[in-house]
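Here the structure is laid out as structure tokens; the discussion comes afterwards.
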Amino acid sequence: MNKLDFHRPASLAEALALMPASGDGGQAWLAGGQSLLAAMKLGMAKPSLLVDLQDVPGLCDIRVETGPDGAPALWIGAMATHASVAASETVRTFVPGLAALAGGIADAQVRAMGTIGGSLAHNDPAACWPAGVLAAGATIVTSQREIVADAYFQGLYTTALEAGELIVGVRFPRLQGLHYLKFEQPASRFALVGLAVAHSGAGQVRVAVTGLGMGIVRWPGAEQALCGHFGLPALSAIAPESLQALGDLHASGAYRCHLAGVLVRRCVAALTGEALPRPAPLEPSAVGPVPAPPDTEATPKDGFGGRQLLAAPPPQVWQAILDAQNLQASIPGCEALVQRSPTAYEATVKVGLGPLSVRFQSDVTLRDLQPPHALTMVFVGQAGALGCGQGTARVRFEPTGDGGTMLHWWVQVQLSGRLAQFGNRLVEASSRKLSEEFFERFGRVLGVPAGHLPPPSPWHRLQRLLARWFSLFRK
Ligand SMILES: Cc1cc2nc3c(=O)[nH]c(=O)nc-3n(C[C@H](O)[C@H](O)[C@H](O)COP(=O)(O)OP(=O)(O)OC[C@H]3O[C@@H](n4cnc5c(N)ncnc54)[C@H](O)[C@@H]3O)c2cc1C
């Protein structure tokens with residue numbers, strides 16, 4: 001247990017006065033503790049100040065009020081637990097689908113303690129509430145402002161909240177219907193994939209998908225199809241494979257896309273009362289492993305990989321990736337990086353995502369050097385009591401013919417200790433976020449503005465995983 005200050009204020013004004021306006025990230029609101037305390041136990045969050053919200057009056061309120069547009073709106077206070085939302089007659093009457101969503105979260109113990117505000121602030125990439133809030137087009141009301149859902153969710157564990165900003169409650173507009181379904185990860189009941197469809201009387205339809213890997217997203221293809229005609233026939237031509245989804249231990253990206261296609265049909269059928277046709281048999285390719293980059297030779301059985309297009313020739317990229325200063329500038333949270341020899345580095349990396357923070361000490365050795373064509377990086381990383389990890393990254397530099405380089409990589413990793421127990425969903429998801437940052441930074445180091453890079457594709461999503469390596473096991 002780390003030393004910390006704990007306060008349990010009895011009013012909103014007292015709570016806000018306790019929280020420094022521009023925190024250094026060491027201060028946290030405490031709701032039900034269902035995510036924060038677990039992260040603290042694992043050493044992944046180390047707040048120096050906890051402000052417990054459970055005695056603040058009014059934060060658990062659930063009511064129908066008049067919204068800013070004069071229409072009735074549903075208000076759910078930030079400290080309303082999932083159980084209280086599920087049981088609320090007000091919610092069941094106003095948007096029954098939200099009560100059902102809350103009732104499907106986790107187990108009875110978690111529902112009794114976990115809150116809508118904590119869930120939205122944490123913004124877990126597989127959480128249920130973000131799907132309901134984004135599909136409904138709700139507004140998150142904080143101690144400082146009102147944030148529409150489209151602007152609030154900003155990716156993995158990332159929201160528009162500023163340090164110390166408190167979610168006071170969420171305002172939901174009147175909807176004609178909202179339905180949320182998830183295909184559960186059976187151990188936690190988090191969504192392997194979860195999907196919410198909301199439609200208003202004005203013919204507007206919003207579809208939000210959770211569990212695809214990088215945080216909650218809308219599905220424009222399904223929305224457009226359903227706006228024309230709200231019913232199952234409108235979904236005949238949607239292309240779930242156009243969604244960007246990442247694979248992990250539990251499911252491949254292709255399987256997650258397939259699930260989204262199944263869930264959107266089931267949600268629409270639930271809202272329209274249409275009968276679902278018998279499901280077509282799965283194409284084997286829809287449930288198979290994520291394919292390797294087509295031009296990666298001899299793809300190993302385990303691991304993951306991707307490609308990155310860089311606007312510099314291979315010799316320049318080769319030099320850049322071996323340069324300690326460039327690496328330090330590219331690795332998110334890299335506090336120190338020392339080159340011990342031409343082929344060995346040591347690095348200290350602090351990984352911070354939302355309330356989570358872990359410091360890794362890593363040794364990196366370069367092997368099988370074939371300049372400027374290929375190399376292998378061997379990583380060994382220690383995260384103290386959390387355990388350690390080791391892995392290899394095979395990197396290949398392919399000239400593109402127009403002076404650029406296509407970087408191909410394939411990574412294999414083994415975790416041990418608590419990282420292995422806890423890490424699969426959280427660490428892998430976190431790694432994707434960090435790898436995205438790594439390649440954005442590396443592109444900038446090479447003088448390639450981010451806008452010149454091609455738009456994200458499934459492969460570009462996968463490449464983010466490489467940054468995990470740099471971030472988690474380098475130092
Ligand atoms: C075993 C298990 C299974 C779960 N399964 C699911 C599931 O199936 N679906 C699902 O959606 N979720 C699931 N969860 C998550 C659960 O729903 C919690 O709601 C969520 O973890 C947030 O917990 P909390 O409300 O206690 O917030 P806390 O853990 O107390 O806080 C989480 C974060 O939010 C911040 N925070 C809290 N309140 C506020 C506020 N008002 N304003 C600003 N910041 C705030 C905290 O500082 C902290 O950073 C599961 C959790 C567990 C432990």
Side-chain angles (χ1 to χ4, degrees), residues 4 6 9 12 15-16 19 23 25-42 44-54 56 58-60 76-86 98 100-134 140-145 147 152 157-170 180-194 196 208 210-211 215-216 352-357 422 425-426:
L4 58 80
F6 176 83
L12 187 57
L16 294 173
M19 186 62 74
Q27 301 82 19
W29 303 109
L30 177 64
Q34 296 304 292
S35 292
L36 184 54
L37 295 188
M40 288 171 65
K41 280 186 193 170
L42 288 160
M44 299 184 82
K46 296 177 182 173
S48 55
L49 169 68
L50 277 185
V51 180
D52 187 340
L53 298 169
Q54 66 178 303
V56 176
L59 288 184
C60 298
I76 303 181
M79 286 293 286
T81 62
H82 311 320
S84 67
V85 175
L98 290 179
L101 177 151
I105 291 175
D107 49 44
Q109 291 94 329
V110 173
R111 287 196 294 276
M113 296 299 291
T115 66
I116 184 172
S119 178
L120 295 177
H122 194 57
N123 194 18
D124 188 291
C128 303
W129 269 122
V133 167
L134 186 61
I140 292 91
V141 180
T142 77
S143 49
Q144 300 169 19
R145 56 198 165 134
I147 312 170
Y152 176 82
Y157 297 108
T158 310
T159 69
L161 288 179
E162 304 284 351
E165 191 170 3
L166 174 76
I167 299 176
V168 180
V170 187
Y180 173 76
L181 287 173
K182 64 178 169 179
F183 190 89
E184 292 175 357
Q185 204 282 342
S188 69
R189 299 196 69 192
F190 270 106
L192 201 60
V193 174
T210 187
I216 186 70
L353 278 166
L356 311 178
S357 174
F422 179 70
R425 189 176 59 82
L426 184 59

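Just follow the structure's listing: the first ligand is 1, and inside any ligand the first atom is 1.
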Could you tell me whether the side chain of [Y] reaches within less than 4.5 Å of the side chain of [X], counting heavy atoms only?
X      : Y      : result
Leu30  : Leu37  : yes
Leu4   : Met40  : yes
Pro130 : Asn123 : yes
Trp129 : Leu98  : yes

Closer than 4.0 Å to some heavy atom of [X] - which atoms of ligand 1 meet that?
X      : value
Leu30  : 30 (O)
Ala78  : 41 (N)
Leu166 : 40 (C), 41 (N), 42 (N)
Ser188 : 3 (C), 4 (C), 5 (N)
Gly114 : 19 (O), 25 (O), 26 (O)
Glu165 : 43 (C)
Ser119 : 19 (O), 22 (C)
Ala31  : 25 (O), 27 (O), 30 (O), 37 (C), 38 (N)

Please classify the [X] to ligand 1 contact at 4.0 Å (heavy-atom distances, strictly less than): side chain, backbone, both or neither.
X      : answer
His82  : side chain
Leu53  : side chain
Val110 : side chain

Does an N or O from [X], backbone or side chain, lie closer than 3.5 Å to an N or O of ligand 1?
X      : value
Gly32  : yes
Leu36  : yes
Lys182 : yes
Cys128 : yes

Heavy-atom closest contact ([X] atom, [Y] atom, distance):
X      : Y      : result
Pro125 : Gly215 : CB-N, 3.8 Å
Val56  : Ala15  : CG2-CB, 4.2 Å
Asp124 : Ala126 : OD1-N, 2.8 Å
Arg111 : Ala106 : NH1-O, 3.1 Å
Ser119 : His82  : CB-CE1, 4.3 Å
Ala28  : Leu36  : CB-CD2, 4.0 Å

Donor-acceptor contact below 3.5 Å, side chain Glu184 vs main chain Pro186: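 Checking the backbone N and O of Pro186 against the side chain of Glu184, no donor-acceptor pair under 3.5 Å is found.
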Return the option from [options] holding the heavy atom at the smallest distance from [atom].
atom                    : options                       : answer
atom 42 (N) of ligand 1 : Leu50, Leu37, Ile167, Asp52   : Ile167
atom 12 (N) of ligand 1 : Trp129, Tyr157, Phe190, Trp29 : Phe190
atom 36 (N) of ligand 1 : Ala28, Ala121, Ala45          : Ala121

Give every donor-acceptor pair under 3.5 Å between a side-chain atom in residues 161-170 and any protein atom, sequence neighbours left out.
residue	atom	partner	partner atom	Å
Glu165	OE1	Arg145	NH2	2.9
Glu165	OE1	Glu162	N	2.8
Glu165	OE2	Thr142	OG1	2.7
Glu165	OE2	Arg145	NE	2.7
Glu165	OE2	Arg145	NH2	3.4

[X]: heavy atom below 4.0 Å from ligand 1, yes or no?
X      : value
Ala38  : no
Arg111 : no
Glu184 : no

Got a second to check how far Ile140's CD1 is from Ile116's CD1, nearest 0.5 Å?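 Ile140 atom CD1 to Ile116 atom CD1 measures 8.5 Å (nearest 0.5 Å).
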